[in-house]
Amino acid sequence: MNTGSDRGTNESAAGDTATESATESATRTTAQAAAEASADAAEETPHVSKAPAFIKARRTLHLSWQVGVFVVGLAVIVAGAAMLVLPGPGWVAIFAGLAIWATEFAWAHLVLRWTKRKVTEAAQKALDPEVRRRNIILTTTGLVIAGALIGFYLWKYGLVLPWDLKDQ
């Protein structure tokens, strides 16, 4: 990759490198590059507790801090799980709870990094024209089947709710 610091040294090599980087950037999307950069940066830096220095200096206080972070993260994740069936942004809350845990626990940091990578891959896959076409066809087919079932129900029973049906 050409960083631009060697422009005057060898113009033909810099031109080749610029051509290679232009071709490379044309094939990779910005999201993929950002995901790879964040993954590389995360692998290079070890996981370190985000607790303030005066808390990390005392073992008991640091353990209490970690218990507090665990409890808060667990509460947010439980609320997110409840929001999966209730109104609210369930998955956002679950990922937020995982991010809270990731500030203190290396395992949560790894799970969060893996989840981010999988979400990025799924987003890229969803943008693939063949996958989009398949999803549109499946959705349309499902809507047609649901419409046919609803139409059959209305034809057979009329606009009567199932719990108001009498023995017929």
Side-chain angles (χ1 to χ4, degrees), residues 25-56 58-165:
S25 65
T27 58
R28 290 185 354 183
T29 63
T30 307
Q32 288 173 331
E36 289 174 6
S38 66
D40 291 341
E43 288 175 5
E44 292 173 2
T45 58
H47 178 72
V48 179
S49 174
K50 304 291 190 271
F54 73 92
I55 290 177
K56 286 193 268 187
R58 295 170 185 84
R59 177 74 180 137
T60 324
L61 195 56
H62 191 243
L63 186 61
S64 301
W65 176 271
Q66 287 182 330
V67 168
V69 167
F70 183 81
V71 168
V72 169
L74 183 64
V76 172
I77 287 176
V78 167
M83 284 189 268
L84 289 176
V85 294
L86 299 172
W91 286 111
V92 173
I94 290 172
F95 293 138
L98 195 56
I100 291 170
W101 277 349
T103 62
E104 285 301 312
F105 305 109
W107 61 267
H109 184 73
L110 293 173
V111 170
L112 186 64
R113 189 172 59 195
W114 178 84
T115 304
K116 284 180 183 178
R117 188 175 64 244
K118 290 297 179 182
V119 166
T120 304
E121 289 173 8
Q124 289 300 316
K125 190 175 179 182
L127 294 175
D128 182 24
E130 291 180 13
V131 173
R132 289 184 69 194
R133 189 177 315 113
R134 184 196 67 204
N135 289 345
I136 289 171
I137 290 170
L138 287 173
T139 302
T140 304
T141 304
L143 288 173
V144 167
I145 291 171
L149 290 174
I150 290 170
F152 175 75
Y153 178 85
L154 292 174
W155 172 74
K156 181 81 172 161
Y157 301 106
L159 193 57
V160 178
L161 298 175
W163 48 87
D164 290 337
L165 287 176

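Residue indices begin at 1 and follow the sequence shown. These values consider heavy atoms only, across backbone and side chains, with no hydrogens, waters or symmetry-generated copies.
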* Asked: Which residues satisfy the side chain to side chain contact (heavy atoms under 4.5 Å, CB included) test with L98, sequence neighbours excluded?
  -> W101, A108, V111, L112, T115
* Asked: Going by the ring-ring contact (aromatic ring centres under 6.0 Å, His included) test, which pairs reach into residues 119-152, not counting sequence neighbours?
  -> F152-W155
* To do: Kindly state each residue pair satisfying side-chain hydrogen bond (donor to acceptor under 3.5 Å, both in side chains) with at least one member in residues 58-71, sequence neighbours excluded.
  => S49-H62, W65-E104
* Asked: Quick one: side chain to side chain contact (heavy atoms under 4.5 Å, CB included) partners of I145, sequence neighbours excluded?
  -> T141, L149
* **CA sep, side-chain torsions, deciding dist, call: R133, E130, salt bridge (charged side-chain N to carboxylate O under 4.0 Å, His left out)** => CA-CA 5 Å; R133 189 177 315 113; E130 291 180 13; 5.5 Å; no
* Taking the side chain as every heavy atom from C-beta outward, state whether W91 and I94 have any atom pair closer than 4.5 Å. => yes
* Shortest non-hydrogen contact from A93 toward G80 -> CB-CA, 3.5 Å
* Kindly give the heavy-atom pair with the smallest separation between L110 and R113, and that separation in Å. => CD2-NH2, 2.9 Å
* Residues in side chain to side chain contact (heavy atoms under 4.5 Å, CB included) contact with N135, at least two apart in sequence or another chain -> V131
* To do: Quick one: closest heavy-atom pair of M83 and G90, and the distance?
  => CB-CA, 3.6 Å
* To do: Using modelled atom types only, decide if a donor and an acceptor are shared between the side chain of T103 and the backbone of I100 within a distance under 3.5 Å.
  => yes
* Structure fact -> Sorted by chain and residue number, the side chain to side chain contact (heavy atoms under 4.5 Å, CB included) partners of V78 (sequence neighbours excluded) come out as L74
